[in-house]
Amino acid sequence: MKLRAITENHLYSKAYARGKKFVGRFVVVYTLPDYAASKLAKANPEKEKINRVGITVTKKLGSAVIRNRAKRVIREGYRLSDKSAKIRRGFLIVIVARGNIVKAKSTDIERDLTLAFKKLGMNAL
RNA sequence: CGACCGGAUCGGGCGAUCGCGCGGUAUGUUGCCGAAAGGUAUUACCGUGAGGAAAGUCCGGGCUUCAAAGGGCAGGAUAACGGAUAACGUCCGCCGAGGGUGACCUCCGGGAAAGUGCAACAGAAAUAAACCGCCGUCCAUAUCGGGCGGUAAGGAUGGAAACGCGAGGUAAGAGCUCACGAGUUCCUAUGGUAACAUAGGUCCGCUGUAAACCCUAUCCGAAGCAACACCGUAUGUGGGAUCCGUGUUCGCACGGCUGUCUGCCCGGCAGAGCUCACAGGUGGCACGCAGUUUUCUGCGGAGCGUUACGGAGACGUCACGCAAAGAUAGAUGAUCGCCACGACAGAACCCGGCUUACAGAUCAGGUCGCAUU
């Protein structure tokens with residue numbers, strides 16, 4: 001299943017303000033039910049609800065190369081986490097990188113995210 | 001062998017598993033999103049996918065739009081000389097100054113003799129000079145001294161004080177005169193395409209600063225891919241116009257006006273019952289064009305590489321070969337194993353440069369020293 005990115009800035013603001021929050025070792029996760037989920041599901045040829053994922057990496061972390069790697073590692077971690085423990089659909093998920101992510105591996109992120117989704121009640125029934 | 005000098009190339013590799021963007025083939029749906037334009041399937045396979053600086057955005061060009069890029073003003077850039085180039089503020093060669101035993105390196109580059117300005121502090125005085133001193137003369141006087149004049153040799157200040165030094169000369173002095181030396185302008189000869197160098201003559205006495213204004217020569221129209229083109233323009237937001245005068249054959253024309261030519265003026269262009277801009281999409285955009293339909297042929301080009309030839313070199317010519325990264329919250333990766341473990345760092349229209357950052361590796365050259373022959 002492909003990742004669909006959050007493009008609108010106001011959705012990030014909403015997630016920060018009203019979403020559920022979990023602080024992990026390497027990332028901070030916000031989740032919020034997606035009002036447009038059913039509409040997007042109709043557009044999806046598989047007719048399933050999907051999660052929209054936004055990844056935030058601030059300039060504080062470092063140069064473009066470092067930021068790019070952080071995003072890749074988070075994407076891979078999300079993919080692995082979704083594969084091992086099914087995540088509920090129809091949510092906005094914002095993942096914010098923390099400073100120590102520079103040295104993290106994608107498996108570390110996977111553990112962080114799996115724990116986060118469990119705590120946030122995101123695991124599929 | 002050691003110490004150096006300038007240059008070129010590379011800048012993690014291999015394997016396994018899992019993933020992403022783009023192109024293609026097969027499979028497959030006729031659905032869904034959207035007002036429309038348009039976008040989008042699942043799976044498998046094949047191909048392809050960041051840099052030498054992709055960076056800074058400092059120059060130059062292509063491309064695009066502004067009717068065309070015409071004239072002038074303003075503004076900007078450059079600055080010895082000869083060449084290279086599509087072009088450049090780049091590159092090559094060379095001139096000048098300095099450093100190194102050397103390979104080689106570093107630095108500056110029109111005009112201060114067109115004009116204006118500025119030169120703090122110090123100093124008597126900063127582009128024009130008399131504070132001390134020296135000399136003459138007058139006054140006064142036991143002596144010290146004072147007035148007037150001459151003087152730039154000496155002292156003191158300063159980054160800079162009327163070229164340096166010696167002789168003549170003088171009351172004392174002074175390029176005032178002369179020899180030698182350094183410099184400026186111009187002329188001649190020789191060498192060089194030239195800047196310039198060398199030699200000879202002539203003339204002059206002129207502080208520095210042009211990254212102060214300025215003057216001279218040369219060049220530059222402006223803005224940038226969020227450009228721009230096309231499609232769509234339902235709805236929303238914002239703006240403009242539907243105005244005035246004159247003439248009128250009542251259609252309109254001209255002028256004002258408004259917008260626009262993106263600093264200004266001249267000189268233009270456009271405008272009216274709707275129109276413009278923004279919000280959407282596709283292209284631009286991944287060598288181009290044509291043929292042909294397949295991943296093929298031809299042509300073209302400041303594209304890249306190699307060879308040959310020409311040139312001192314930058315570079316040029318010919319031949320051959322190569323050239324699908326193309327994202328859009330932004331793909332080009334993740335994990336594991338082994339080896340090596342030490343860098344700077346991520347394309348956003350495309351090229352040529354410059355500048356800045358940078359661990360290590362490799363390759364030829366060259367210089368000096370020592371040893372050997």
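Lettering of chains follows the sequences in order, A, B, ..., and the numbering in each one begins at 1.
Considering only the side chain of Arg75(A), U332(B) comes nearest among A334(B), G346(B), U332(B). Nearest to the side-chain atoms of Arg79(A) among the listed nucleotides U335(B), G346(B), G19(B) stands G19(B).
G346(B) and A357(B): their P atoms are spaced 15 Å apart (whole Å). Comparing the P positions of G23(B) and U40(B) gives an interatomic distance of 9 Å, to the nearest angstrom. Here, G313(B) and C215(B) have their C1' atoms 38 Å apart, quoted to the whole Å. C344(B) and G56(B) have their C1' atoms separated by 14 Å, given to the nearest Å. Using C1' as the reference atom, U262(B) and C231(B) are 29 Å apart when rounded to the nearest Å. Comparing the C1' positions of U356(B) and A55(B) gives an interatomic distance of 8 Å, to the nearest angstrom. Rounded to the nearest Å, the gap between the C1' atom of A286(B) and that of A331(B) is 15 Å. The separation of G2(B) from U48(B), taken at their P atoms, amounts to 46 Å, rounded to a whole angstrom.
Summarising the geometry, the separation between CD on Glu76(A) and P on U335(B) is reported as 8 Å, rounded to the nearest angstrom.
Glycosidic conformation at G240(B) (O4'-C1'-N9-C4 for purines, O4'-C1'-N1-C2 for pyrimidines): anti, more than 90° from 0. Look at G175(B): its glycosidic torsion is within 90° of 0, and that puts it in the syn range. The glycosidic torsion of A74(B) lies more than 90° away from 0, placing the base in the anti range. G82(B) adopts an anti glycosidic conformation, its chi angle falling more than 90° from 0.
Inter-residue side-chain proximity for Lys21(A) and Val29(A) is flagged as unmet; no heavy-atom pair is nearer than 4.5 Å. You'll find the side chain of Val94(A) reaches within 4.5 Å of the side chain of Thr56(A), heavy atoms only. Residues Ile101(A) and Ile109(A) are in side-chain contact: their nearest non-hydrogen atoms beyond the backbone lie under 4.5 Å apart. Looking only at side-chain heavy atoms (C-beta outward), Phe26(A) and Asp108(A) come within less than 4.5 Å of each other.
Contact annotation: Arg67(A) side-chain N/O to G330(B) OP1/OP2 distance is not under 4.0 Å. Regarding contacts with the backbone of G346(B), a side-chain N or O of Ser63(A) is found under 4.0 angstrom from either OP1 or OP2.
Linking ILVMFWY residues whenever their side-chain heavy atoms come closer than 4.5 Å, directly or via other members, leaves Val73(A) and Val65(A) in distinct clusters.
Side-chain N/O atoms of Arg72(A) and base N/O atoms of G346(B) include a donor-acceptor pair closer than 3.5 Å.
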